[in-house]
A.B. asks: 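The structure under discussion is supplied below as structure tokens; questions concerning it will follow.
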There are 2 protein chains.
Amino acid sequence: MDRPELGFLLSRLMREVMAREKPILDAAGLEMWDYAVLTALADSDAPTQAQLAAATGRDKTRLIGNLDRLEAEGMVVRQPDPADRRNRIVSLTPAGSRVLRRCREAIEAMEAELLADLDPADRAAFQRALTALVENDR
Amino acid sequence: MDRPELGFLLSRLMREVMAREKPILDAAGLEMWDYAVLTALADSDAPTQAQLAAATGRDKTRLIGNLDRLEAEGMVVRQPDPADRRNRIVSLTPAGSRVLRRCREAIEAMEAELLADLDPADRAAFQRALTALVENDR
DNA sequence: ACATATCGTCTACGCCTGCTTACGATCTAC
DNA sequence: GTAGATCGTAAGCAGGCGTAGACGATATGT
């Protein structure tokens, strides 16, 4: 047979990565989407909920539930935008930042282990190519 | 911020690949899962339905519907296994092979275009690394 | 002042998912 | 031959998903 297709390989690898992330997030009491939201929050400042939904790819009505829970657990706050009070600006609390940082470290360690068997040059090229591809079709 | 995480990059790229595959499969009257099934069928010979479910990662009870439709459209046949008549052996018909080959060609062209901007050495390393990673944790 | 649009929220719809249970047909072990 | 396991199938369940419609609060254009 031919070389397996990109979609096939990506879905397999994706499944593996998610399987390895799950115990880490479970330990922190986070769901996948919570983590995506926290990450997006750390990377962009003062996003409105609509912007946050767009950034994470989550439906805006689904996002609400995640924010409700994250806010109840004190990881996130929603504040009315002084410039346009229809908007609610979401931001990380120190507690949220702390949880996020701890998860991120564990996940980076997991990723390093996952990629450990690769030839170092290939690993660098892999990450470079992946990043370029994602940025390309933004 | 840090380098984006593997899971983040993979999900983005995956989304893009699937978005580009969809029109191709639509034109052939196939759903994503149909294509995955046909591909798995071409790569392994004489699988039982349970093996096919395992190979594609689809739930065995969900697979039934796909096979029903593919069989109704003459792309696939189910035959009782002479060695164990509980099993049903699934195989591609010539028509199924033809449809699959046409889709595969279109998808490979799409992938080539997607990867076209990469540095050739990076592209080769990317594919090599991706394949190695998937085979690694099988 | 008034009409129109946007934002966040809630509710409901239909679709797809994996999981579970049950069933008949069939194989295997004893 | 009888008991138990396995295969494909059907049906039902809970949960996730995006979408759409409605609503109050708010902003904007005229």
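Protein chains get the first letters and strands the later ones, always in sequence-line order, with residue 1 at the start of each. Scope of the values below: all heavy atoms of this structure, side chains included, with no hydrogens, waters or symmetry mates.
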A.B. asks: Could you write nucleotides 11-18 of chain D as a row of B, S and -, 5' to 3', where a protein heavy atom under 4.0 Å of any base atom gives B, of only sugar-phosphate atoms gives S, and otherwise -?
C.D. replies: -B----BB
A.B. asks: Working to the nearest 0.5 Å, report the span between CZ of Arg62(A) and OG1 of Thr56(A).
C.D. replies: 13.5 Å
A.B. asks: Nearest-Å distance, CG (Asn87(A)) to C1' (dT26(D))?
C.D. replies: 10 Å
A.B. asks: Does Arg88(B) put a side-chain nitrogen or oxygen below 4.0 Å from OP1 or OP2 of dT6(D)?
C.D. replies: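 Answer is no, no contact under 4.0 Å.
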A.B. asks: Should the pair Arg58(A) and Trp33(A) be classed as cation-pi, given the thresholds of under 6.0 Å to the six-membered ring centre and 45° from the axis?
C.D. replies: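 Checked: cation-pi criterion met.
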A.B. asks: Are any of Gln49(A)'s side-chain N or O atoms less than 4.0 Å away from OP1 or OP2 of dT9(C)?
C.D. replies: yes
A.B. asks: Roughly how many Å is it from CG in Asn66(B) to C1' in dT17(C), rounded to a whole number?
C.D. replies: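 My rounded result for the distance is 13 Å.
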A.B. asks: With a 4.0 Å limit, can you tell me whether Arg78(A) has a side-chain N or O closer than that to the phosphate oxygens OP1/OP2 of dT9(C)?
C.D. replies: yes
A.B. asks: In terms of side-chain geometry, is the basic nitrogen of Arg20(A) or Glu16(A) positioned less than 4.0 Å from the acidic oxygen of its partner?
C.D. replies: yes
A.B. asks: Should Ile89(A) and Leu63(A) be counted in the same cluster of Ile, Leu, Val, Met, Phe, Trp and Tyr side chains packed under 4.5 Å apart?
C.D. replies: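 No, because Ile89(A) and Leu63(A) fall into different hydrophobic clusters, even though each may have its own neighbours under 4.5 Å.
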A.B. asks: So which nucleotide from dC7(C), dA10(D), dT6(D) ends up closest to the side chain of Asp68(B)?
C.D. replies: dA10(D)
A.B. asks: Does Phe8(B) share a hydrophobic cluster with Leu133(B), counting links as ILVMFWY side-chain heavy atoms below 4.5 Å and allowing steps through other members?
C.D. replies: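 Linked, Phe8(B) and Leu133(B) end up in one cluster.
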A.B. asks: How about Asp26(B): does its CG atom have over 12 heavy atoms from other parts shown lying under 6.0 Å from it?
C.D. replies: yes
A.B. asks: Could you check whether the side chain of Arg85(A) and the base of dT26(D) have a donor-acceptor pair of N or O atoms closer than 3.5 Å, going by distance alone?
C.D. replies: no
A.B. asks: Could you state the atom-to-atom distance from CG of Asp81(A) to C1' of dC7(C) in whole Å?
C.D. replies: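 The answer, rounded to whole Å, is 11 Å.
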